[in-house]
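The block underneath contains the structure these notes are about, expressed in structure tokens.
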Amino acid sequence: MSVQERTLREGQESRDAPAFHTMAASDVLEHLGTTASGLDDAAVAERLRQYGPNALPQAQRRGLIARFFAQLNNLLIFVLIGAAAITVGLGHLIDAAVIMVVVVINGVVGVVQEGRAENALDAIRDMLMPRANVMRNAHRTSIDSADVVPGDIVLLEPGDRVPADLRLLKARGLRVDEALLTGESLAVDKTSEPVEDEASLGDRRSMAFSGTLVAAGQGIGVVVATGSKTELGRISTMLSGIGTLTTPLLRQMDRFAKYLTVVILVVSAAVFLFGGLVRDYGLSEMFMAAIGIAVAAIPEGLPAVLTITLAIGVQRMASRHAIVRHLPAIETLGAVSVICSDKTGTLTRNEMTVRHVQVGGDLVEVEGVGYAPRGGFSRDGVDLDIGETAVLARLIETGLLCNDAALNQLGDDWIVEGDPMEGALVALALKAGVERSTLNKRLPRTDEIPFDADHRFMATLHHSHQGDAFICVKGAPERVIAMCASEAGEEGDVDLAADVWLARVDDLASRGERVLALARKPVVAHRQDLTFDDMQDGFVLLGLVSLIDPPREEAIAAVRDCQAAGIRVKMITGDHIATARAIAAQLNLTHPDAAMTGAELDLLDDETLRAKVREADVFARTSPEHKLRLVDALQAEGDVIVMTGDGVNDAPALKRADVGVAMGRKGTEAAKEASRMVLTDDNFSSIATAVREGRTVYDNLRKTIAWTLPTNGGQALAIIAAILLGVTLPITPVQILWVNMVTAVALGLTLAFEPSEPGVMKRAPRRPDEPLLTGFLAWRVGFVSVLFTISAFGVFAWSGMRYDSLEISRTFVVNMLVVLQIFYLFSVRYQHMTSLTWRGALGTPAVLIGVGLVTVVQFLFTYAPFMHTLFDSRSLSFTDGLVIMGVGVAFFLVLELEKLLRRLIWGSEW
Ligand code: ATP
């Protein structure tokens, strides 16, 4: 270990790390054994081994036993345990044992289900791992934040989350939001100058702390502490991740289940008293019956099953590139009526290629595909030699100087590091034989104004070795043309014909191409920095570059799907209105021509905007503030909105939208954190997929409820009816515990795995205020409960008429109830169409496993001698089995008829 490494280590290990904020930047680098060009691979590996990953310790998970007991902390379980104790007192040891088995199985199922749900979330948490831009081996690269080590050189840009504690080496307009650490909500100005020793955390302006957010500007810093050694680690705050697994609807169901439990306990007590006092059942028999009713009727497993349904939905979405950060978004997705999407990279491929260059009156065509630097230039169909036109050469050179992207060759592929549009300009330069490293040596860059969606240009300051200095600018044509007084010609600069140029821009943009203007301006040789004042005027326009960025094929299909699903798609872009219109037409948006610009939006008051916002599908040259206004206007119209975004300034609109969606690849950390969903592939079609999944999850929640409540009701009603009528119980209390346990364990969860129904994207969006517990559900609980009771009593009576023993009759009823639940499961799987299809009969693997399991245990129940002892069951004949199946089929057909009538009368089943 070198001396430096030792000091570094000691510094990290002791509570009082060296006061990096007071040291000069160069001393800090020396102290940390690093340089401005970063560590090399060997040093990184060594430090990673020494200091461990840059991560905060995970909160400890509860142990298995603790989780098991946590499951038992529930009213029904207490009642059951109490009941088991009383049953022992009454001398029914077997019954007591069965009740305790039910308790234990409930706990185990709960633990398994909770584990499943948590695993789903953990996997997703890992997918959202933040990235950091660092210098390594003298190259800029992007790495997982967890791999950052002390001594790394980190580059900061707006929207980045600072990956570790940094001593700043460079800060350019750098402002950092440190609310997480200091509670101060205003962003703090940062500097690379040392500050005094006593400065409090909030005043250490030469430092950027792990977990804080870059609000504006740029910076470079060296890592002084990672992981739990950072200031954030010391206060051991956890960064906001994915929330707990619950949503408003689930909470609503949870509350409902609790009320229901109390109501059912009261009903059971009443039945107990009625049966014991009014009818002359024995008290101990009635006690067991009351317990049976309570267990049968209370949907104890429902909240857990709903949670899993949600977790499975989250997992399914993640595998389709949509990561849900905020779980209620799943429910909201099912109700989305408008999707507002960015254009570049989301609806289009973001694979840019320069197609045309306009210099003076000449439109030069550029050949070639993708980023491969192959292809020549032609004018009016005649090959063009770059040497022939000085202005073209200067324009291409400017495009490379005012540029931060790099092209790397990987086999036959050329890959862009950085902004794809800038990558296309690098490819253009290579086609003209201009290479970055020689150009940079000849004309080094001294300062820059980075691109920002608000000012829509990028500028750089360069010096030649001959003592000249000049500014290069590239950006949105209207912006750049407004800075120019003259234009470059082969025979020298001439006055600018702005109108002619704007017409040329329109012409290129209306082909769907993305147009950039490039210009230069000479400045005095001693200028070392660049300010916005320099960007007002005095530039010489060199010309236009026009790039193609075709729509994604999948996006065209996804737009069509969304439109069929009653969802309107709107494009909100920073690009030129003519480009936006042309791309909107290629995407088949409903009103591609009804386009508005940001400037036009500014002229409208909120009222008029609300009226207009419905008609226009394309909003061009917008800035992030416009997105916020559009969200407000659409929401005021009652729409439920998805809004996409990537920049730090998009955060307010992302937060305000019903479902803010950030781009996983080109999005900033700030945008991701403001969003409810992140797309790992930045692709519009993933939004459409997420909406489909959102609708499916919601359907599955409803199906699970629509299956659970009536089946529970049916089981309970059969006993209650018998007691009210004062007849022999058709099923013993222990048998009802058995039915409830078997079906809840094996069938209850199957609906969580249901795939989307065929017409899921052909329906209009769900009304956002629609309750989960509808009148339909109340009807179904009643209707199915009555059908259950009639069937149970029917087979009981029929068996009685055959002079079967009471045990055989009851075994009939147990099997009947289980079979009815299986048939009802098949019926409930389709809400919007008949279940009488081949597809419906085949089921899903989950359904088949569940049904298979129930069949096996029911055979055991009916034929195994030990079951006869435990549950008083008896063997049935083959024809008995056929009778049970026959009643099941009849029950299924009655339900299908009910569905058909509902569809005919109301147009939909629910
Ligand atoms: P979207 O909002 O759909 O992603 P966009 O990418 O076109 O669209 P912005 O990134 O805000 O939106 O860009 C707006 C305009 O700024 C572009 O049309 C282009 O003219 C200009 N521009 C974009 N990137 C750069 C850049 N790196 N340098 C200079 N100008 C740029």
Side-chain angles (χ1 to χ4, degrees), residues 157-159 339-352 354 398-406 416-426 448-460 471-483 502 505 508-509 512-519 535 544-549 551-552 555 569-584 587 589 595 597-598 618-627 630 643-650 653-654 661-663 665-668 671 679 682-684:
E157 281 173 8
I339 302 179
C340 296
S341 173
D342 283 344
K343 171 178 73 71
T344 311
T346 312
L347 289 165
T348 66
R349 291 195 209 156
N350 210 10
E351 285 163 13
M352 310 245 180
V354 176
T398 305
L400 189 57
L401 286 171
C402 188
N403 194 318
D404 286 325
V416 188
E417 270 293 328
D419 179 33
M421 191 171 64
E422 295 187 352
L425 295 178
V426 178
E448 73 217 359
I449 297 179
F451 171 76
D452 185 286
D454 275 329
H455 56 247
R456 298 201 188 100
F457 66 79
M458 166 176 175
T460 49
I471 305 172
C472 292
V473 63
K474 75 172 196 308
E478 318 86 273
R479 282 294 277 141
V480 174
I481 291 171
M483 300 172 190
L502 289 175
V505 171
L508 288 167
E513 294 182 15
R514 196 175 151 89
V515 191
L516 271 185
L518 293 112
M535 306 308 297
L544 306 173
V545 172
S546 160
L547 307 99
I548 49 164
D549 177 20
R552 296 172 182 262
V569 179
K570 294 180 187 287
M571 178 198 281
I572 303 188
T573 173
D575 215 335
H576 192 277
I577 187 162
T579 315
R581 242 190 222 137
I583 298 283
L587 287 162
L589 294 198
T597 62
V618 179
F619 299 89
R621 286 292 189 237
T622 52
S623 55
E625 298 77 59
H626 294 124
K627 286 190 172 178
L630 287 171
M643 170 69 81
T644 69
D646 45 26
V648 58
N649 300 336
D650 287 334
L654 289 172
V661 176
M663 299 301 136
R665 292 194 189 161
K666 68 171 192 171
T668 56
L679 300 183
D682 295 10
N683 190 335
F684 179 82

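Since the model is a prediction, treat every value here as computed from it, not as a measurement. Start at 1 with the first residue, then count along the sequence. Just follow the structure's listing: the first ligand is 1, and inside any ligand the first atom is 1.
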- Under 4.0 Å from a heavy atom of Met421: give me the atoms of ligand 1 that qualify, with their elements. 22 (N), 23 (C), 24 (N), 25 (C), 26 (C), 31 (C)

- Task: Considering the heavy atoms of Lys343, write down every atom of ligand 1 situated less than 4.0 Å from one of them.
- Result: 1 (P), 3 (O)

- The atoms of ligand 1 lying under 4.0 Å from a heavy atom of Asp419, numbered in the order shown, are 27 (N)

- Message: Within the structure, is a non-hydrogen atom of Arg621 found at a distance of less than 4.0 Å from ligand 1?
- Response: yes

- Message: Between Arg514 and Thr348, does the side-chain hydrogen bond (donor to acceptor under 3.5 Å, both in side chains) criterion hold? Intermediate values first, please.
- Response: CA-CA 11 Å; Arg514 196 175 151 89; Thr348 66; over 6 Å; no

- Do the rings of His455 and Phe451 sit parallel, tilted or perpendicular, given the 30° and 60° boundaries? perpendicular

- When you look at Thr344 and Met352, which way does the side chain to side chain contact (heavy atoms under 4.5 Å, CB included) test go after all the steps? CA-CA 10 Å; Thr344 311; Met352 310 245 180; 3.5 Å; yes

- Task: Go through ligand 1 atom by atom and flag the ones less than 4.0 Å from a non-hydrogen atom of Val515.
- Result: 20 (O)

- Query: Do side-chain atoms of Arg581 reach the backbone of Ala620 as a donor and acceptor pair under 3.5 angstrom?
  - Reply: no

- Task: Would you check, one step at a time, whether the test side-chain hydrogen bond (donor to acceptor under 3.5 Å, both in side chains) holds for Asp454 with Asn649?
- Result: CA-CA 9 Å; Asp454 275 329; Asn649 300 336; 3.2 Å; yes

- Could you pull out, from Arg514, Lys627, Arg456, the option with a heavy atom nearest to atom 17 (C) of ligand 1? Arg514

- Task: Mind checking whether Leu516 contacts ligand 1 via backbone (N, CA, C, O), side chain (CB onward), both or neither, at a 4.0 Å heavy-atom cut-off?
- Result: side chain

- Report yes if Ala453 has an N/O atom closer than 3.5 Å to an N/O atom of ligand 1; otherwise report no. no

- Message: Within the 4.0 Å heavy-atom shell around Ala476, which atoms of ligand 1 are there?
- Response: 20 (O), 21 (C)

- Query: Taking non-hydrogen atoms only, is Asp575 closer than 4.0 angstrom to ligand 1 via side chain, backbone, both or neither?
  - Reply: both

- Message: Are more than 12 heavy atoms, taken from residues, nucleotides or ligands other than Glu417, located less than 6.0 Å from that residue's CD atom?
- Response: no

- Glu478 with Arg456: basic N within carboxylate O range, under 4.0 Å: no

- Is the backbone N or O of Asp342 less than 3.5 Å from a side-chain atom of Thr644, with the two atoms forming a donor-acceptor pair by type? yes

- Identity and separation of the nearest protein heavy atom to atom 6 (O) of ligand 1: Thr344 OG1, 3.2 Å

- Message: Show me which atoms of ligand 1 lie under 4.0 Å from any heavy atom of Asp342.
- Response: 3 (O)

- What protein heavy atom is closest to atom 27 (N) of ligand 1, reported as residue, atom name and distance in Å? Glu422 OE2, 3.0 Å

- Message: Return the closest protein heavy atom for atom 28 (N) of ligand 1 as residue, atom name and distance.
- Response: Lys474 NZ, 3.1 Å

- Message: What protein heavy atom lies closest to atom 2 (O) of ligand 1? Include the residue and the distance to one decimal.
- Response: Gly574 N, 3.1 Å

- Query: Among all protein non-hydrogen atoms, which one is nearest to atom 22 (N) of ligand 1, and what is the separation to 0.1 Å?
  - Reply: Phe451 CE1, 3.1 Å

- Straight-line distance of Asp549 CG to Leu347 CG, nearest 0.5 Å: 10.0 Å

- salt bridge (Lys or Arg N to Asp or Glu O under 4.0 Å) assessment of Asp646 paired with Lys666: CA-CA 7 Å; Asp646 45 26; Lys666 68 171 192 171; 3.4 Å; yes

